[in-house]
*Asks:* 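Handing you this structure, nothing more for now.
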Protein chains: 2
Amino acid sequence: MARERQLSRQPSSRLTRRSLLGGAAVTGAATLVGAGAGTAAAATRDVDVAIVGGGLAGLTAARDLVAAGKSVVVLEARDRVGGRVVNLKLTNGGFTEGGGEFIGPTQDRIKALADSLGVATFTTYNSGKNLLYKDGKKTAYATDGLLGSVPPIDVAGLANAAVVQAELDDMAAQVPVDAPWTAAKADEWDKQTFESWLNANAVIPSAKFLFDVACTSIFSAQPRELSLLYVLFYIAAAGNESNAGTLERLTETANGAQESRFVGGSQQVPIKLAAALGSRVVLSAPVRSITLSGSKYLVTADGLTVTARRVVVALPPPLAARITYDPLLPADRDQLSQRLPMGSIGKAIAVYDTPFWRADGLNGQVVSDTGIVRSTFDNSPPDASYGALMGFIEADEMRAFDASTADEVKAAVLKDYATYFGDKAKSPTSFVLQRWDNEGFSRGGPVAYAPPGVLTEYGPALRRPADGIHWAGTETSTYWNGYMDGAVRSGERVAKEVLAAL
Amino acid sequence: MARERQLSRQPSSRLTRRSLLGGAAVTGAATLVGAGAGTAAAATRDVDVAIVGGGLAGLTAARDLVAAGKSVVVLEARDRVGGRVVNLKLTNGGFTEGGGEFIGPTQDRIKALADSLGVATFTTYNSGKNLLYKDGKKTAYATDGLLGSVPPIDVAGLANAAVVQAELDDMAAQVPVDAPWTAAKADEWDKQTFESWLNANAVIPSAKFLFDVACTSIFSAQPRELSLLYVLFYIAAAGNESNAGTLERLTETANGAQESRFVGGSQQVPIKLAAALGSRVVLSAPVRSITLSGSKYLVTADGLTVTARRVVVALPPPLAARITYDPLLPADRDQLSQRLPMGSIGKAIAVYDTPFWRADGLNGQVVSDTGIVRSTFDNSPPDASYGALMGFIEADEMRAFDASTADEVKAAVLKDYATYFGDKAKSPTSFVLQRWDNEGFSRGGPVAYAPPGVLTEYGPALRRPADGIHWAGTETSTYWNGYMDGAVRSGERVAKEVLAAL
């Protein structure tokens, strides 16, 4: 009944108010309805396709649909575009990145998109040695051997780790990225946690340590939270149509997923994409309900209601579940969205006058078994006009600090940075913190992952449209699931899907 | 901003419209706002405590709060009370139960509540033999030996099953029901699926079969979906303060959780509870947002807005996550609600002129390794004036049929009933189906369960209030979690918690 009331609120003359489309500026819902609109009818638009979510997936879909001559509106809940990709301002006038920032080989679609928008890339700083901090001891090690980074652990551990890594890649090669649930051993792999499998295979403690760190670095989740099948799928997805995914491509900097960064920051890509879409992108417009009304969908956001022939939901599944659908979504789609939780992640960036660790022969990359930050990168700008240390806060470590104040987190982070890089690290000129678990329109990150049983039971519901509602977002991608590239791929795929249906 | 607009819609004179409280009839939001209210301001109430959800938990909390002199309103999304407890009408004038129906020893709080409302119990029909249908063969077996039901499987399987059952009970005895995450072996038990543990322990296939059936019967989830620690907690919770929980009490009819039923159907309990609360209970009022405004919460449902000093959310966690909270919930509470999915369950009840299986010496209870229904009960009324076979459709079986038509499900169910009880079962006089996965205000059942890692990482967020928002529902109960008794216990506990805070 509430749905009907909402319908009746819109004078029909406003349902076709297409004059709002086009134009140059990204608009906010508030500016459309005006301040104090109160009980007045919400603004309306009528388009071919309503897109829920102004991250890379939604914006890419919008670009392709507009290119094909379709009218679209992108409803973004936040007051900015980019979703899990965001530039953060620094007090020194620079900026850093609070979300996805790296791009690497086989990530072709984000690369093509960035190229088309004139956003260039530069190589992640990777000269000098890595640091391993383990059992209270700091060891520097080279990253440029034939085998990539080989941490200085015991020989037995290294041998065990090499076997385990090869085994994971071999198993991953048996997982079809478009339907992991059809792998011959899907049932066997989906009924156990990654932890159970590691316990049986990474039997040398130092080897187990390496995979634990790899797991939290990649998923921001502990091995006990993940289905083995899901981990294998994620490895298989770390490639493209002509290069099989490997675990090494996920973990490495050179030749890996952390190889390069974007000039101007990764959010330049969605910002430029949105700018080209103009007022089709509406900010501060969280979508509350999607209701089929006759042959059209009524998409109700705060301050704006859109009627559309098709809807693209480009949100992580757990957030897509928070929209009220009428008619209800199919049971498998709803239950899928109950079963893909977001990881727990934050990023902490400390800024210094110079990247002083470089002078010590260090590349700023740490792997650690302790502290709130257990993995770091040199996030300085390409001209090194100042230094920036970026640390990931992941899984158990993030959870332990989710309710802490920003100052408490900062103190814990700087303590770790000092342990890794010396006392100079204690006194940054500025410090920024991005806490994804505490963001209402993310509630975790970097990706919604699958516990045991989910892919085999609900996998087919990941991309199957619910009548006129189509699904996008990096979680729906066959390649580079969980990455910016996967988001772009999902946007391109869903646009084709919708065009075929319109 | 939307929140502020909603606030501004309510004339302050209506915020204290207490005249709506009291009275005898349960009200519907629609009757309060009138038909076609359209853009008019929503009705409002001001109370001490707003309770979200009119199931046993919410209604019990309301009863206790009213008894303590507090004003309450219960906002129920459906057009009926009872939540996962519902009577279904039969064409013969009788009724059956589509949700929770059984009550057994140590379920003291639902018993006390039913007693107080004059709802009597009767013993579940349990005379005659059980049926085991396995490997295409049907075997009847007695249920009344000293050891309870002992299915006719091979001796090695029985021996293995006895050891596994004892081991599960022993481990469960080490799990504190109020804080499973503090068990000495919590980490070890929470990092593996129940399936992984069964594979290592229920090594005889017939024994594994019994635990698989027990698992789907109890949780409507497969062993691969569940954390071992969660299963142990659930066993520990199958008791009370003076009787430790056991697996047998979960699975058995006599002396177990299926021992008795309610005269008039289980929904009599919430219906009578709601009747006593009168117009404090508002139906068809799904809550969309809970917003702190000064020192009060604004609870916005379709057609009715309530202001309250405290809020009780008595919903399963995945549904509680679909409400918009402002301020945001703490990260751990939100992420918990992303990690407790509902099982997959339906119930199918076929009605016959007589309970004809009784004449064949059968009690109507089946354990099967095949078909859509793998577990049945004799759901005939106490006077046996007609016969009723109730079958559970659970986990993989329910998922396989979630998108099927009711006729397709009926055909599959009756095929199974005929296999188990003969051709007479093919021709019921009526047939009712309750499909919880397809219910918008349940989206699965009977309970939201925990995959690996969830209890150890998020357990403390289960009951911890978020400022003035308190949590109830059977998922928050320390005893009989997942059962009607747990719902009642959670309502009693939350009422005390709120009274202490008011």
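Below, chains carry the letters A, B, ... as their sequence lines are ordered, and counting in each starts from 1. None of these values were measured; they are calculated from a predicted model. As a basis for the values below, the full set of heavy atoms in this structure was taken, side chains included, without hydrogen atoms, waters or symmetry mates.
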*Asks:* Given that the side chain runs from C-beta out, which part of Pro330(A) has a heavy atom under 4.5 Å from chain B: side chain, backbone, both or neither?
*Replies:* backbone
*Asks:* Taking all non-hydrogen atoms of both residues, which atom of Pro180(A) and which atom of Leu455(A) are closest, and how far apart?
*Replies:* CB-CD1, 4.2 Å
*Asks:* Please state whether the side chain, the backbone, both or neither of Phe441(A) comes within less than 4.5 Å of a heavy atom of chain B.
*Replies:* neither
*Asks:* Can you tell me which of Ile323(B), Leu226(B), Leu328(B), Asn199(B) forms the most heavy-atom pairs within a distance under 4.5 Å of chain A?
*Replies:* Leu328(B)
*Asks:* With a 3.5 Å cut-off and no angle check, do the side chains of Thr324(B) and Arg288(A) form a donor-acceptor pair?
*Replies:* yes
*Asks:* Using a cut-off of under 4.5 Å on heavy-atom pairs, state which of Pro452(A), Pro341(A), Pro327(A) scores highest against chain B.
*Replies:* Pro341(A)
*Asks:* Nearest 0.5 Å, what's the CG-CG distance between Asp326(B) and Leu292(B)?
*Replies:* 8.0 Å
*Asks:* Quick check on side-chain contact (heavy atoms from CB on, under 4.5 Å): which of Leu75(A), Leu298(A), Thr300(A) does Val306(A) satisfy it with?
*Replies:* Leu75(A)
*Asks:* I'd like to know which of Ala321(A), Ser196(A), Ala403(A) tops the heavy-atom pair count under 4.5 Å against chain B.
*Replies:* Ala321(A)
*Asks:* Sort out for me which of Arg435(B), Arg399(B), Glu439(B), Glu225(B) touches chain A most, counting heavy-atom pairs under 4.5 Å.
*Replies:* Arg399(B)
*Asks:* Side chain, backbone, both or neither: which part of Gln222(A) has a non-hydrogen atom closer than 4.5 Å to chain B?
*Replies:* side chain
*Asks:* Below 4.5 Å from any heavy atom of chain A, which atoms of Tyr458(B) appear? Answer side chain, backbone, both or neither.
*Replies:* side chain
*Asks:* Let me know if Ser227(B) has heavy atoms under 4.5 Å from chain A in its side chain, its backbone, both or neither.
*Replies:* neither
*Asks:* Flag the one option from Pro451(B), Gly453(B), Ser344(B), Gly440(B) with the top tally of heavy-atom pairs under 4.5 Å to chain A.
*Replies:* Ser344(B)
*Asks:* Atom CZ in Arg333(A), atom CD1 in Ile469(A): separation rounded to 0.5 Å?
*Replies:* 9.5 Å
*Asks:* Shorter than 4.5 Å, heavy atoms on both sides: which option in Leu329(A), Asp190(A), Asp334(A) has the most such pairs with chain B?
*Replies:* Asp334(A)
*Asks:* Using non-hydrogen atoms and a 4.5 Å limit, figure out which bit of Asp187(A) sits close to chain B: side chain, backbone, both or neither.
*Replies:* neither
*Asks:* Counting heavy-atom pairs closer than 4.5 Å to chain A, which one of Asn438(B), Leu340(B), Asp402(B), Thr193(B) comes out on top?
*Replies:* Thr193(B)
*Asks:* Run the salt bridge (charged side-chain N to carboxylate O under 4.0 Å, His left out) check on Glu475(B) and Arg339(B) step by step: do they pass?
*Replies:* CA-CA 13 Å; Glu475(B) 283 83 1; Arg339(B) 284 162 166 80; over 6 Å; no
*Asks:* Donor-acceptor check, side chain of Trp436(A) to backbone of Gly98(A), threshold 3.5 angstrom: yes or no?
*Replies:* yes
*Asks:* May I ask you to name which of Arg322(B), Met398(B), Met342(B) has the most heavy-atom pairs under 4.5 Å with chain A?
*Replies:* Arg322(B)
*Asks:* Strictly below 4.0 Å, N to O, side chains only: are Lys208(A) and Glu195(A) in salt-bridge contact?
*Replies:* yes
*Asks:* Could you please spell out the steps behind the ring-ring contact (aromatic ring centres under 6.0 Å, His included) verdict for Tyr230(B) and Phe219(B)?
*Replies:* CA-CA 11 Å; Tyr230(B) 174 74; Phe219(B) 299 102; 5.7 Å; yes
*Asks:* For Ala320(A) and Val313(A), which heavy atoms make the closest approach, and how far apart are they?
*Replies:* CB-CG1, 3.8 Å
*Asks:* Is it the side chain or the backbone of Phe194(A) that comes within 4.5 Å of chain B heavy atoms, both, or neither?
*Replies:* neither
